[in-house]
Each structure stands twice: as structure tokens, then as C-alpha cells.
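Worksheet: the structure to be examined is printed underneath.
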Amino acid sequence: MYRTHTCGELTIKNIGQQVTLCGWLQRSRDLGGMTFIDLRDRYGITQLAFNMETNAELCEKARRLGREYVIQATGTVIERASKNPKLSTGDIEIEVSQLVVLNESKTPPFTIEDNSDGGDDLRMRYRYLDIRRAPVRRNLELRHRMAMLTRNYLSNDGFLEVETPMLIKSTPEGARDFVVPSRMNPGEFYALPQSPQQYKQLLMVAGLDRYFQIVRCFRDEDLRADRQPEFTQIDCEMSFVEQEDVLRTFEGLAKHLFHEVKGLDFDQFPRMTWHDAMRLYGSDKPDIRFGMQFVELNDVAKGCGFSLFDNAELVVGINATGCADYTRKQLDALTDFVKRPQVGAGGLVYIKYNADGSFKSSVDKFYTPEQLKTIADKFGAQPGDLMLILCGPAMKTRVQLSALRLEMGDRLDLRHPDVYAPLWVIDFPLLEWDEETQRYYAMHHPFTAPKPEDEPLLDDPARWGDIRANAYDIVINGVEVGGGSIRIHDRTLQNKMFHTLGFTDQSAAAQFGFLMDAFTYGAPPHAGLAFGFDRLCSLFGGADSIRDFIAFPKNNSGRDVMSGSPAPIAPEQLDELQLTLRPQG
Ligand code: ASP
């Protein structure tokens, strides 16, 4: 037997016991006649004590051990002279009588402590050492717990976990596919699933009724902090359901996770139409931890001779409560913020509603105090407030103001990671116009059903932009954590949709033929949703990056710097696949 206990479990109750522990040497300290070692494993840290006076040989041996040596120590549990209230084992230490080195270690390239001295790159290169650190380990523990809770919850609700293939024919989810050449079928390729979308719909045709899978998905997109080329979804599909059933089911799952993991209970999640989300927050994933809703000002701000406003499609602003005392410098910083290329506004108009009731604004030349008061009233502003206004093309301006709103939320400390504000965004547009290619794309995916009352608009290309989908997203704290839709199960409607998206009969058949065929054998009405599991974990863990919740993540260029992938393959492998590479350069 290697050990009798772990390094996280001995307390004052164990005093006097003879124990054996195994773990890694985190740190050792020589204090006069004593040597102390912090021994670490997954469960915690226990202090080992060696006494020069009573056992010089053993103490000398302990002093020769380096950081991250793997050791086995046997001894007696004794009460510590100076206790450490920060450790669960902080009341005791082990008076060691026997010490075995199970393995040596090179000096690790960074300190394996909660606050490491290692930079991001270095820690990723030696991720197996990074994972030894408690904060990373705790993130993986949280992830495990959330996966187990999810599995149990859905299983108890009648969902079956079914695995779907990883080597598939391309599934369009709006991103680029990763492809895998087939050796047995030269010149042909598999795609890695962007999601199991078509398979889960087939499982509904197959009569499984309720499916889920905690599943890896692959999308070849440009990366950001909250994106990875491979990521995990809680993927679900249900038959004979309406939107209401789906929202209730997965709201139930979200509430269960909140309750179990965070001890938080929620009433029904608010629901907001996509249209309102854009109008009031300029975002389809509004952070509703704080208000600061948009106020549209066309009726009060136009027609006063300020041409920038007069010529704009939309004049819209937010009211920052209590910020009238912002200095010139602070206002300049906000102007610089909205002018950054990432935000892209031309400028920022401010109106200070001073505490004494007077106004000071960047447009004083064009507006009388009475007119400014009318604008302030429209905002519901009080003396002491600061109004921030943008103008321009409607949608673009809303998106810019959304960035400013979030920035103000940060500045005013209104976005606390411990506060959770979930909501459903519903009634997304079915189709999205793409300027570059001058055509419509499915906003969600081509299997999403329009709202029945909007279906006739499919016959009128001029109205395509107005068609609403039976599609929904679950949003928490400004993060889209999941989304799904009611699917089209009617072949005629699906064909119409394909045509709207610019597919010919042949190209639709080539891409989706097997799903369309299946639909001719009695497809039940069905709907589904997928949660981004990595994001959900990072949100529950109070972190910004999903990388912290993935054991072996990729960096910003999609590389695994630890294993060194992607990497060239041997010429023989290329030959076997009958592939030739174009010369580089
Ligand atoms: N397959 C969709 C996605 O990955 C989710 C769904 O519609 O169920 O976003």
C-alpha cells in the first residue's frame, strides 16, 4: 500500500496515528534544527517535520530533496506548534520516521504555487505541471462536477446520452470545417463535426425522443479568448415539443447548476426578443446585471441645427447615473474608447446634468438649456448624471453604444463576477444579410424553423430580413452560453428554406441529402439546444477565459505548444494519403 491517507485529510482528530502519505515536494524550509516539507497531492498539502536532533540522518536526507520530488513519508501525526489556519491540515504535521524517494524531478521551470511566477506560454508548454497548481486543478474539478450534475439531471429527465461520429460529412454551422483525409478513399475527406446537428436530428427521426451528449465540436475560426478550435457542448434534442417545453427544460438544467454549484436560486428567467435586446442594449447577448438601457433621441435631438444628429439615421444614448463630475480627461478617455477601431464610432457627444441643475455639453452651441432639459427628461436623468450619445446608421450605432455601455459598466463596477443575471433572448431573425457576398445566410443554421406566422414572408424576398425564427439563446452576464431552435421537419418548408439560402436542388441534396431522405420517413416535430460547456464552466468559475477550464487548451494561433501540434507529417504519410503539398513561399 503506497499511502494510508491523502495530503488533504489529516486533522487534529488523527493525532497520534501512524500514517503514510505520498505526494510532491512543494517547498522545504530549514529552520535551525528542523526541516519542514510541504507535501502536496490533489487533495491538499500536509506538513512533514524532520528533527536534526532526534534523527539527523533522515533530516539530512530530507534536506537533499528538490522541488517536485515524488516522495513517500511515514510517521506520526502530531499537533503543530504554530498552526496554519489557511490549510485544512494546518493544525497538524507528520513527525517523519521513514522517507522513500519514489521519483526525482528536474527543477520545474516555474513555481507550482497558487500564484506562479510562470508566464502563460511557459505554463502551457508544461501544462502537466500547471495542472498541479491548486487553482487550475479546482477549475477542472468544477468542470467535472458540472458535467456530472448535467448528466444526472438530463438522465433523470429521460434524456439518453448517445455518441455520434467524429469523422463525418461536413455539417454547416456557419464556420469552416476541419477536414481529415481518408487513406482508404484517396482524394476524399471527412470533416470533424462543427456540432452533431444533423445526427441529433436523425436520432429524433429514429424515435429516441430525448437525446443529449457532452460532446467535442470543431470549428476552424479565428480565435479569441473565449474561443477554442475544439470545444465542448452539452448538446440536446427533443421530440414533440414546442419552444416553451425546450426553454423550461433547459432553464431547469441551468437553475439546477446554479443551485448546486453556486447556491443560487432564480425565479423564471426573463425573456427578451432579439429586437428589444438590440434596441435596448445594442447586443443579442445583453449583460443585464445593470440597467443603463438605451434611450433613442431622434424626436428630441434632431432638427435643432446640429447636422451630425440631423443627418443620422439614429441618435441614441445612455445615462450614466452620478457621473456629471467626470473630468475633461475622463471624457476624453471615453471619446478615445468609442473611436478605437474595435468600436469604430466617429465621436461622442456628452451632456452633463450638473448637480445645480445647469447643463454643460459638447453641443452647447446647438442646444438651448431648455432643449437639453427635454433631452435629459427623455433619459429620465437627474442632476448629477452624465448622458453619453452616439449617432449614425442604426444597427452600427447600437453596437458601438453597446461597447460603451459595457465599458461604463466596468468603470462603475456594475459587472461583478459573483452576480449572475441569466435571460433568454428569443425571436431571432431567421436570415442575416451579408454585404460581402450580397446574399442571405441562416442566422442559426438552415434547419431552424421560421415562426409559423412569418412563414408566408418566405415568398417575398423583399421581406426576408423581417422573418423571425423560432430560435432562442440563453445568455448569462453578457455571454451567450447556449442556443437552439425549433427545427423544420416538413420537407416542403425545408426545400423552400434551402432555396432562400441560395442552394439549388442538387447542391442541397449533395450536402443534406441523407437528412432530407430521413425526413421522408416520418420526422417528428423536434427542437433542441446546445450549451457551450467550456463557457458555462468559466462563467461559474468567475473567469474570463475558457482556456482555464480546459485541461489541454490551444493558444491564440490554434497551437498546442506542449505537444507541438499542428506539425508537418512525414512524406510517407502524405504518400499514403495521396496528397502533395504546394511548395511554400
Ligand atoms: N447545433 C447548434 C449549435 O451548435 C445548437 C442547436 O441548434 O441545437 O449552435
Side-chain angles (χ1 to χ4, degrees), residues 140 142-168 171 173 192-219 228 230-261 269 422 424 444-445 447-449 470-476 479-489 515 518 523-540 546 549-550:
L140 296 181
L142 175 73
R143 186 183 175 106
H144 163 79
R145 182 139 180 261
M146 293 188 46
M148 293 307 285
L149 287 166
T150 299
R151 285 211 160 85
N152 288 334
Y153 184 89
L154 291 174
S155 175
N156 287 336
D157 205 15
F159 285 81
L160 292 184
E161 184 159 29
V162 181
E163 288 172 87
T164 50
M166 286 286 130
L167 296 173
I168 67 165
T171 318
E173 291 273 357
L192 300 179
Q194 292 184 32
S195 89
Q197 184 61 37
Q198 295 183 53
Y199 285 95
K200 66 175 173 176
Q201 293 194 243
L202 290 171
L203 290 174
M204 295 303 104
V205 179
L208 286 195
D209 201 64
R210 288 175 164 222
Y211 143 94
F212 88 100
Q213 185 181 190
I214 299 186
V215 63
R216 198 69 56 81
C217 302
F218 305 85
R219 296 183 193 180
Q228 283 276 304
E230 48 177 316
F231 60 95
T232 303
Q233 285 190 343
I234 307 170
D235 192 46
C236 309
E237 198 76 5
M238 314 166 77
S239 291
F240 305 114
V241 286
E242 287 165 348
Q243 176 162 306
E244 193 56 35
D245 303 302
V246 181
L247 299 196
R248 269 176 204 280
T249 302
F250 295 105
E251 186 167 318
L253 171 61
K255 282 181 179 166
H256 180 65
L257 293 172
F258 271 124
H259 178 82
E260 293 293 323
V261 178
F269 293 176
W424 289 103
H444 191 49
H445 47 59
F447 317 109
T448 292
N470 258 328
Y472 32 78
D473 275 359
I474 182 164
V475 174
I476 305 176
V479 178
E480 178 206 325
V481 295
S485 62
I486 304 284
R487 322 300 185 190
I488 301 172
H489 65 280
L515 185 65
H526 59 288
L529 170 139
F531 284 94
F533 187 55
D534 314 278
R535 278 191 201 178
L536 201 60
C537 292
S538 66
L539 206 67
F540 273 64
I546 63 171
F549 293 80
I550 297 175

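Excluded from the calculations below are hydrogen atoms, water molecules and symmetry mates; all remaining heavy atoms, backbone and side chain alike, are included.
- Glu244 meets the salt bridge (Lys or Arg N to Asp or Glu O under 4.0 Å) test with Arg248, Arg271; sequence neighbours excluded.
- Distance alone, capped at 3.5 Å, is enough to place a donor-acceptor pair between the Glu251 side chain and the Phe269 backbone.
- Side-chain atoms of Tyr211 never come within 3.5 Å of backbone atoms of Phe159 as a donor-acceptor pair (strictly under, hydrogens ignored).
- In this structure, Glu161 contributes its side chain and Ile214 its backbone to a donor-acceptor pair below 3.5 Å.
- Note that the CG atom of Asp235 and the CZ atom of Arg216 stand 14.0 Å from one another [nearest 0.5 Å].
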Next item on the list: Could you check Arg487 against Glu237 for side-chain contact (heavy atoms from CB on, under 4.5 Å), going step by step and ending with a plain yes or no?
Entry: CA-CA 10 Å; Arg487 322 300 185 190; Glu237 198 76 5; 2.7 Å; yes
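- Taking CG of Asp157 as the reference point, atom CG of Asn152 lies at 12.5 Å (rounded to 0.5 Å).
- Residues forming a side-chain hydrogen bond (donor to acceptor under 3.5 Å, both in side chains) with Glu260 (at least two apart in sequence, or on another chain): none.
- In this structure, Arg219 contributes its side chain and Gln194 its backbone to a donor-acceptor pair below 3.5 Å.
- Ser195 and Gln233 share no side-chain donor-acceptor pair at under 3.5 Å.
- Residues Pro193 and Tyr199 form no side-chain contact, since every pair of their non-hydrogen atoms from C-beta on lies 4.5 Å or further apart.
- Here the closest non-hydrogen pair linking Asp245 and Thr249 is O-OG1, 2.7 Å.
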Note to self: Working note: Glu242 + Asn470, criterion side-chain contact (heavy atoms from CB on, under 4.5 Å); need CA distance, chi angles, decisive distance, verdict.
What the structure shows: CA-CA 9 Å; Glu242 287 165 348; Asn470 258 328; over 6 Å; no
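- Proximity of Pro165 to Pro196: side-chain heavy atoms (C-beta onward) are nowhere separated by under 4.5 Å.
- There is a side-chain donor-acceptor pair under 3.5 Å between Thr232 and Arg143.
- One distance of note links CD1 of Ile546 with CD of Gln228; it measures 5.0 Å at 0.5 Å rounding.
- At least one side-chain heavy atom of Leu154 sits under 4.5 Å from a side-chain heavy atom of Ile234.
- For the residue pair Ala518 and Val205, the shortest heavy atom distance occurs at O-CG1, 3.6 Å.
- A heavy-atom distance below 4.5 Å is found between the side chains of Leu515 and Gln201.
- Across every non-hydrogen atom of Leu149 and Val261, the tightest pair is CD1-CG2, 3.6 Å.
- Looking at residues two or more places apart in sequence or on another chain, you find a ring pair (Phe, Tyr, Trp, His ring centres under 6.0 Å) between His256 and Tyr153.
- Side-chain contact between Leu140 and His144 is absent, with no heavy atoms from C-beta onward closer than 4.5 Å.
- The heavy-atom pair separating Ala527 from Val246 by the smallest distance is CB-CG2, 3.7 Å.
- Between the CG atom in Leu253 and the CG atom in Leu536 there is a gap of 8.0 Å [rounded to 0.5 Å].
- Between His444 and Gln197 there is no side-chain heavy-atom pair separated by less than 4.5 Å.
- Counting only distance, with no hydrogens or angles, the side chain of Gln213 and the backbone of Val162 share a donor-acceptor pair below 3.5 Å.
- The backbone N or O of Phe212 sits nowhere less than 3.5 Å from a side-chain atom of Lys200 that would complete a donor-acceptor pair.
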Note to self: Show, in sequence, the C-alpha distance, side-chain angles and deciding distance for Ile474 and Phe250, and conclude whether the side-chain contact (heavy atoms from CB on, under 4.5 Å) test is met.
What the structure shows: CA-CA 9 Å; Ile474 182 164; Phe250 295 105; over 6 Å; no
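- Atoms CZ and CE, on Arg145 and Met148 in that order, are 11.5 Å from each other to the nearest 0.5 Å.
- Here the side chains of Arg535 and Phe231 are not in contact, with every heavy-atom distance at 4.5 Å or above.
- Aromatic pair Phe258/Phe540: centroids less than 6.0 angstrom apart.
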Check: Is there a side-chain contact (heavy atoms from CB on, under 4.5 Å) between Val215 and Met166 once you walk through the steps?
Finding: CA-CA 10 Å; Val215 63; Met166 286 286 130; 3.9 Å; yes
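- The distance from atom CZ of Phe240 to atom CZ of Arg210, rounded to the nearest 0.5 Å, is 12.0 Å.
- Annotation for Ile488 and Thr448: closest pair CD1-O, 3.5 Å, computed over non-hydrogen atoms.
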